[in-house]
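One structure is given below, encoded as structure tokens.
Only this structure's heavy atoms are used, side chains among them; waters, hydrogens and symmetry mates stay out. So that the names make sense, note that chain A is the first sequence line, chain B the second, and so on, each numbered from 1. Predicted model, so just to flag it, every value in this text is computed and none were measured.
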There are 2 protein chains.
Amino acid sequence: MGTELTSDLPSERARHVLRILVEHYIREGHPVGSRTLSLTAGLDLSPATIRNVMADLEDLGFIAAPHTSAGRIPTAKGYRFFVDTLVRLQPMAEPDVVRLQGQLEDRFRGDAKAIASAASSALSALTSLAGVVTIPRQQKATLRHIEFLPLSGRRVLAILVVNDAEVQNRILDMDRDYTEEELRRAANYLNEQFTGRDLSEVRTRLRANLDGTREYMNRLMLDSIAGHAPKAGTESAGYVLSGETKLMNFQELSDVEKIRQLFEAFGEQREILTLLDRSVAAQGVQIFIGEESGYRILDDCTIVTAPYTVGDQIVGVLGVIGPTRMAYERVIPIVQVTARLLGAALNSDLNVGPDFGLRPDLNSGS
Amino acid sequence: MGTELTSDLPSERARHVLRILVEHYIREGHPVGSRTLSLTAGLDLSPATIRNVMADLEDLGFIAAPHTSAGRIPTAKGYRFFVDTLVRLQPMAEPDVVRLQGQLEDRFRGDAKAIASAASSALSALTSLAGVVTIPRQQKATLRHIEFLPLSGRRVLAILVVNDAEVQNRILDMDRDYTEEELRRAANYLNEQFTGRDLSEVRTRLRANLDGTREYMNRLMLDSIAGHAPKAGTESAGYVLSGETKLMNFQELSDVEKIRQLFEAFGEQREILTLLDRSVAAQGVQIFIGEESGYRILDDCTIVTAPYTVGDQIVGVLGVIGPTRMAYERVIPIVQVTARLLGAALNSDLNVGPDFGLRPDLNSGS
DNA sequence: CGCTAGCAATCGCCCATGTAGAGTGTCAAG
DNA sequence: CTTGACACTCTACATGGGCGATTGCTAGCG
């Protein structure tokens, strides 16, 4: 009775026992009994004493017994306490960091989806879990070149090249037909005035001109660079998922029906996406353990996410999905580092891109 | 002994029994016993007689008993005989055909991947199996417009618009730098000479000029339209798979390990792709039952495929993947019709595209 | 007052056993 | 060639008794 006020937090000793228990369970996968803990906790306590401690921990909701006489396993709340205050993070091995960096740099000049895909695979490979990376919002997108082509039925095909070599195209529905000459003039105007400028800047400048002459041309030009993220035909924004099949290796997900629902959710994208969005707000690694996600399908799963940034703008979220019983001490740093490196890779891409846009070596070369 | 020469093919009665057995097994999923057949075969034979017939069929390898006293189920060879000579195909319901047609037409102008994706989903929805459609090779691709942009390091970005509104881009590694002026001239030349022409035609014509002047420009121009299928950055050619999760509903695939291997194969793409390629040769529906595919992972699966054509050129393959125990009489016509409709949709797309390319209504309009 | 040893109780797991049911192969008779 | 009868085989399912692991509780020890 009198202990209830203080019982929200476990004692020092209980915390130690909890840590050992969680670590052991994560490693072995079997419920952990008092005897095992007594032997491995390094506290020199008899099983009976450990049992008392475990009873306390169970009362607090940190651990639970799957059935009478089967040792204890951590609850979601137990994992939560573990990752918040007990876990001893294990920094990534330096060689792994270097390799990861290599996988993210280079050869992706401007192709947002490809680089996201590489990051996703890397996450999956490093953690043996499913990796997920949202396609980066191109906050900074500098215009390299634009071109219009007339289509039938008052539609216009706009092709724009941003950031060095990324080609986007979309079909604009206009309210009248345009001649080739008009389109050429519009393209010339944009190319002369705005090459090397950021798209958002182009947009505001165009908007400023809106009340001036030729506002119908303006409409065309504005539309062409509006919402510049998703490619026209391609399956719209979303995320890249890798290594889903790895999830089938875990006993806790060995039920076909569960797997099916999980994979269907992956296919839908919606739920996962809103979940990822939630961690855009936070800075740094965020963890959703079991029921915390709010999605029944993910009850036995943990999602570790981190936003990644270009400059100081958050442009996307990445993370891993796995069973609640995952190696948090390894996974958390991996997610953290990957987010940082992906941001860096995207950043260098941008810094380099515009330089190429000015083609400094063409003048001196040849 | 004396019967062995004639025993390669089952008797008329045996064929009838086999048909009933296969149909029944496909419907119910349980091994079929002699009593059941005696009641449902409509032959007015006692179970004992049926048993004799079944023993013959088993000797021929058409059916097998999973264990003593458990009825019989068809073997791969049994299914093969069934689909080759016994099955009574059930034509698709007219409303379904119309709906399917609607799903494939329209709104996909030129976007090969999107239309393949729609076909794949449709296949999956109609059959409750996994649908698969290879991205169509654009055999006919008429040049609409081309554009070059210089990049760093002797690389050139080529953007070409084919078939109305499909934008492709690739990065060319050249052996020297090109000035903007040179690139503009090359683009102008191509646009003036070859707009509205088929890419293959462009290629041969360019090649004819090869020994003439300016062969270095020719190299550039040839490269830009070489192997015009895969978009630059996008995950290269391949197929679109839909409804894989539906496969998890089948008992014969309820083993997590099997599912895992299957999904990993889907992810790899390689094996599935070579399998699909095999049916490019054949015309019409082709079926790989169980072991016939040659891939262990697909031992319990059947793949029903059909190539689809534009004009008289085969440009891709589509089909469904499901358990060997599938409703062949419904699935085969669905695959057949979908292939035809997809071809038609792609064809109309092409026929319409070039017309738009000439923009007849622009001159008369406005 | 906290720790410990001991003890009964609980429960999952494994195995053997028993039973019911479904289906087969065979054989002799029609 | 067909059929009814019969013995046989095998699965699926339920039952029940150890076995082992682990717990909660309580009395005693320092």
Side-chain angles (χ1 to χ4, degrees), chain A residues 1-3 6-7 10-18 20-21 24-25 28-75 78 251-252 254, chain B residues 2-3 6-7 10-18 20-22 24-25 28-75 78 251-252 254:
Chain A
M1 276 223 177
T3 60
T6 64
S7 68
S11 69
E12 169 65 28
R13 189 173 69 182
R15 292 215 299 268
H16 185 216
V17 170
L18 179 58
I20 304 298
L21 187 149
H24 190 99
Y25 179 66
E28 307 291 341
H30 312 300
V32 188
S34 55
R35 203 184 108 85
T36 316
L37 284 175
S38 159
L39 293 176
T40 64
L43 281 179
D44 223 32
L45 293 176
S46 80
T49 312
I50 299 284
R51 280 202 285 280
N52 289 327
V53 178
M54 288 168 85
D56 292 347
L57 286 171
E58 185 161 17
D59 287 343
L60 292 176
F62 290 124
I63 59 179
H67 56 81
T68 332
S69 183
R72 311 299 221 289
I73 63 176
T75 60
Q251 319 120 21
E252 43 267 84
S254 62
Chain B
T3 61
T6 63
S7 67
S11 69
E12 169 66 27
R13 188 172 70 181
R15 291 216 299 268
H16 185 218
V17 170
L18 179 57
I20 303 297
L21 187 148
V22 174
H24 190 97
Y25 179 66
E28 307 290 340
H30 312 299
V32 188
S34 56
R35 202 185 108 87
T36 315
L37 283 175
S38 159
L39 293 176
T40 63
L43 281 178
D44 222 32
L45 291 176
S46 81
T49 312
I50 298 284
R51 280 203 284 280
N52 288 328
V53 179
M54 288 168 83
D56 292 348
L57 287 171
E58 184 162 16
D59 287 344
L60 292 175
F62 291 124
I63 58 179
H67 56 81
T68 332
S69 183
R72 310 299 220 290
I73 62 177
T75 60
Q251 318 120 20
E252 42 267 86
S254 62

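Applying the side-chain contact (heavy atoms from CB on, under 4.5 Å) rule to Ser11(A) yields the partners Arg13(A), Ala14(A); only residues at least two apart in sequence or on another chain are considered.
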Between protein and nucleotides 14-22 of chain D, what N or O pairs are separated by less than 3.5 Å?
| unit_1 | atom_1 | unit_2 | atom_2 | d |
| --- | --- | --- | --- | --- |
| dA21(D) | N3 | Ser69(A) | OG | 2.7 |
| dT22(D) | O4' | Ser69(A) | OG | 3.1 |
| dT22(D) | O2 | Ser69(A) | OG | 2.8 |

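For residues 55-65 of chain A, the side chain to side chain donor-acceptor pair (under 3.5 Å) pairs, not counting sequence neighbours, are Glu58(A)-Arg72(A).
Rounded to whole Å, atom C1' of dA22(C) lies 17 Å from atom CD1 of Ile50(B). One interatomic measurement links the two molecules: CG of Asn52(B) to P of dT3(D), which rounds to 10 Å at whole-angstrom precision. Rounded to a whole Å, the CD atom of Glu58(A) is 6 Å from the P atom of dG24(D). Per the geometry, NE2 belonging to His24(B) stands 13 Å off P belonging to dA22(C), to the nearest Å. His30(A) has its NE2 atom 18 Å from the P atom of dG12(C), to the nearest Å. Taking atom CG of Asp44(A) as the reference point, atom P of dA5(C) lies 10 Å away to the nearest angstrom.
Only one option out of Leu21(A), Val17(A), Ile73(A) pairs with Ile63(A) in a side-chain contact (heavy atoms from CB on, under 4.5 Å); it is Leu21(A).
Side-chain atoms of Thr49(B) and Ser46(B), non-hydrogen and from C-beta on, do get closer than 4.5 Å to each other. Contact check for His30(A) versus Thr36(A): no side-chain heavy atoms found under the 4.5 Å cut-off.
Both His67(B) and Leu45(B) lie close to DNA chain D; mapped to their nearest nucleotides by heavy-atom distance, the more 5′-ward contact belongs to Leu45(B). For Ala48(A) and Ala48(B), each mapped to the nucleotide of DNA chain D holding its nearest heavy atom, the one lying further toward the 5' end belongs to Ala48(B).
Of the candidates dT2(D), dG25(C), dT26(C), dT2(D) carries the atom nearest the Thr49(B) side chain, counting heavy atoms from C-beta on.
The neighbour count for Arg15(A) CZ, taken as heavy atoms of other residues, nucleotides or ligands under 6.0 Å away, is above 12.
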